[in-house]
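In what follows, a single structure is set out as structure tokens and then discussed.
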Amino acid sequence: NWWATEYQPALSSSIDYLDEATRTFQALWSHNVAVDVITPDTPLDGYQLIVAPLLHLLTAEQGAAIERFVAAGGVFLTTYYSGIVDEDGRAWLGGYPGPLRKMLGIWVEESDPLLPGSRNAVAVSQELDESMPRYQCELWCDIVRLEGAEALAVFIDDFYAGMPAITRNHFGQGTAYYLATRPEQGLLDHLVSAILDQIDVSAPIDAPTGVEIIQRDGNDDTFTFVLNHTAATQTIPLPAAMRNLLDRAEYRDAIELPPRGVAILVAESR
């Protein structure tokens with residue numbers, strides 16, 4: 001899919017699959033939500049959220065599996081330039097985004113790759129961000145027709161003004177989201193935050209921005225890795241008394257980490 005997405009000639013030479021995947025990963029990482037990187041053929045059972053940016057190349061079987069995942073209660077997020085070709089690079093007939101059209105509740109009538117340096121703007125619903133209703137977007141603008149989905153954001157400028165920029169569709173017991181453009185990182189962060197609230201997923205510890213929290217389960221312990229990526233001392237509140245395996249000290253209410261500091265915490269009772 002990475003190769004097919006960037007294959008030339010394409011609609012835009014500015015598409016960067018790895019960059020788009022990294023942007024969505026960044027939004028989850030900033031919320032300290034652990035992520036599995038899986039192939040489109042991996043069984044989706046056990047996951048609550050699947051994020052698949054630029055899912056340009058998609059087989060019928062993969063599309064059906066994603067549809068079953070959402071119908072059973074999962075949440076799915078994808079972006080522009082998805083569901084375009086099958087495993088042989090042949091365009092999907094019947095309207096884009098191909099096998100995802102019914103589940104996403106949209107029809108992508110037309111796509112307009114923007115020239116390098118060009119920008120548009122989107123107006124977002126209060127549900128996404130009531131404090132900042134306008135964000136910038138770039139690279140791509142789809143002409144989206146709603147087929148059951150609702151618009152969470154719309155374009156502001158040019159001939160696609162008023163057209164959906166972010167859509168949400170309730171399908172079966174689950175929900176599917178579509179990004180019809182490349183929004184600035186702040187809007188992507190707000191969207192991911194809203195989705196995480198929807199599925200009731202949160203970080204193991206509520207940490208300041210720039211502090212990474214990752215948990216790993218051992219045979220008898222849960223190990224909480226705390227990494228201060230900032231250049232300032234950070235105070236991290238703790239939900240219970242914990243012991244730092246690196247200095248053997250016990251911390252009850254909070255732990256203070258110096259710049260670039262690291263701690264490995266376990267429950268104090270252990």
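Worth knowing before you read on, the calculation uses all heavy atoms, side chains too, and leaves out hydrogens, waters and symmetry mates.
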From T79 OG1 over to W140 CH2, what is the distance, rounded to the nearest 0.5 angstrom? 9.5 Å
Got a donor-acceptor contact below 3.5 angstrom from the Q48 side chain to the G74 backbone? no
R216 vs I214, side-chain contact (heavy atoms from CB on, under 4.5 Å): CA-CA, chis, key distance, verdict: CA-CA 7 Å; R216 294 289 184 265; I214 294 293; 3.0 Å; yes
Going by the salt bridge (charged side-chain N to carboxylate O under 4.0 Å, His left out) test, which pairs reach into residues 172-182, not counting sequence neighbours? D19-R182, E20-R182, E138-R182
Honestly curious: do M242 and V266 fall in one hydrophobic cluster under the side-chain, below-4.5 Å linking rule? no
Between I15 and L55, is there shared hydrophobic-cluster membership here, with clusters defined by ILVMFWY side-chain heavy atoms closer than 4.5 Å? yes
Decide whether N169 and Y178 meet the rule of one side-chain donor and one side-chain acceptor closer than 3.5 Å. no
Do the side chains of V33 and I38 join up, straight or via other hydrophobic residues, at under 4.5 Å, putting them in one cluster? no
Applying salt bridge (charged side-chain N to carboxylate O under 4.0 Å, His left out), which residue pairs with at least one partner in residues 94-107 are found, sequence neighbours left out? R101-E147
Output for pair (Y135 OH, L188 CG), nearest 0.5 Å, gives 11.0 Å
L265 and V226: side-chain contact (heavy atoms from CB on, under 4.5 Å), yes or no, with the steps? CA-CA 8 Å; L265 305 176; V226 185; 3.9 Å; yes
Stepwise, does the side-chain contact (heavy atoms from CB on, under 4.5 Å) test hold for Q185 with R23? CA-CA 7 Å; Q185 189 68 42; R23 292 179 76 246; 3.6 Å; yes
If hydrophobic clusters are built by linking Ile, Leu, Val, Met, Phe, Trp and Tyr wherever their side-chain heavy atoms come under 4.5 Å apart, do I166 and I156 end up in the same one? no
Minimum side-chain heavy-atom gap L245-F223 below 4.5 Å: yes
Main chain of T230, side chain of N228: is a donor-acceptor contact present, judged purely on distance under 3.5 Å? yes
Counting C-beta onward and ignoring hydrogens, is there a side-chain heavy-atom pair between L146 and I106 closer than 4.5 Å? yes
Working to the nearest 0.5 angstrom, can you tell me the gap between R243 CZ and I255 CD1? 12.5 Å
Please report the closest heavy-atom contact between F155 and C137, naming both atoms and the distance. CE2-SG, 4.0 Å
For residues 197-205, tabulate all N or O donor-acceptor pairs below 3.5 Å that involve a side-chain atom, not counting sequence neighbours.
residue: Q198; atom: OE1; partner: Y177; partner atom: OH; Å: 2.6
residue: Q198; atom: NE2; partner: T175; partner atom: OG1; Å: 3.0

Compare every heavy atom of G83 with every heavy atom of Y96, then report the nearest pair and how far apart it is. CD2-O, 3.5 Å
Between Q26 and T22, does the side chain to side chain donor-acceptor pair (under 3.5 Å) criterion hold? Intermediate values first, please. CA-CA 6 Å; Q26 170 67 31; T22 301; over 6 Å; no
Can you tell if the side chain of V37 reaches within under 4.5 Å of the side chain of F25, non-hydrogen atoms only? no
What is the distance from atom OG of S193 to atom CG of L196, rounded to the nearest 0.5 Å? 6.5 Å
When every non-hydrogen atom of A121 is compared with those of Q136, the smallest separation belongs to CB-NE2, 4.0 Å
Any residue meeting salt bridge (charged side-chain N to carboxylate O under 4.0 Å, His left out) with E87, in chain and number order, not counting sequence neighbours: none
Residue set satisfying salt bridge (charged side-chain N to carboxylate O under 4.0 Å, His left out) with D86, at least two apart, ordered chain then number -> R90
Smallest separation among heavy atoms of A52 and S82, with atom names: O-OG, 4.3 Å
Validation row: L100, L58 side chains within 4.5 angstrom (heavy atoms): yes
Would a 4.5 Å heavy-atom cut-off, applied to side chains only, mark T78 and L179 as touching? no
Between T224 and Q215, does the side chain to side chain donor-acceptor pair (under 3.5 Å) criterion hold? Intermediate values first, please. CA-CA 4 Å; T224 302; Q215 284 189 336; 3.0 Å; yes
Looking only at non-hydrogen atoms, find the nearest pair between F69 and V75 and report the distance. CE2-O, 3.3 Å
Here the salt bridge (charged side-chain N to carboxylate O under 4.0 Å, His left out) pairs for residues 149-159, sequence neighbours left out, are R134-D157, E150-R168
Test question: given the 4.5 Å side-chain rule for I, L, V, M, F, W and Y, name all other residues clustered with W107, or answer none. none
Of all heavy-atom pairs linking A4 and L57, the shortest is CB-CD1, 3.7 Å
Among residues at least two apart in sequence or on other chains, which ones pass side-chain contact (heavy atoms from CB on, under 4.5 Å) with I143? E109, E110, R145, F159, Y160, M163
With ILVMFWY side chains joined below 4.5 Å, transitively, what does L115's cluster contain besides itself? none
State, yes or no, whether a side-chain contact exists between I66 and I50 at a heavy-atom distance under 4.5 Å. no
In L104, V154, L152, V144, the residue satisfying side chain to side chain contact (heavy atoms under 4.5 Å, CB included) with T167 is V144
With sequence neighbours left out, write down each residue that passes salt bridge (charged side-chain N to carboxylate O under 4.0 Å, His left out) with E6, or none if nothing qualifies. none
Roughly how far apart are H31 NE2 and I195 CD1, rounded to 0.5 Å? 10.5 Å
W2 and Y81: same hydrophobic cluster, using ILVMFWY side-chain contacts below 4.5 Å? yes
Only pairs at least two apart or in different chains count here, so list each salt bridge (charged side-chain N to carboxylate O under 4.0 Å, His left out) that has a residue in residues 52-72. none
For T5 and N1, indicate whether the former's side chain and the latter's backbone hold a donor-acceptor pair under 3.5 Å. yes
Evaluate the side-chain proximity of L139 to T181: yes if any heavy-atom separation is below 4.5 Å, no if none is. no
So, using side-chain hydrogen bond (donor to acceptor under 3.5 Å, both in side chains) as the criterion, who are the partners of D41 when residues are at least two apart? Q62
Using a 4.5 Å cut-off on heavy atoms from C-beta on, say whether the side chain of I213 contacts that of F225. no
So how far is it from D206 CG to I236 CD1, rounded to the nearest 0.5 Å? 11.0 Å
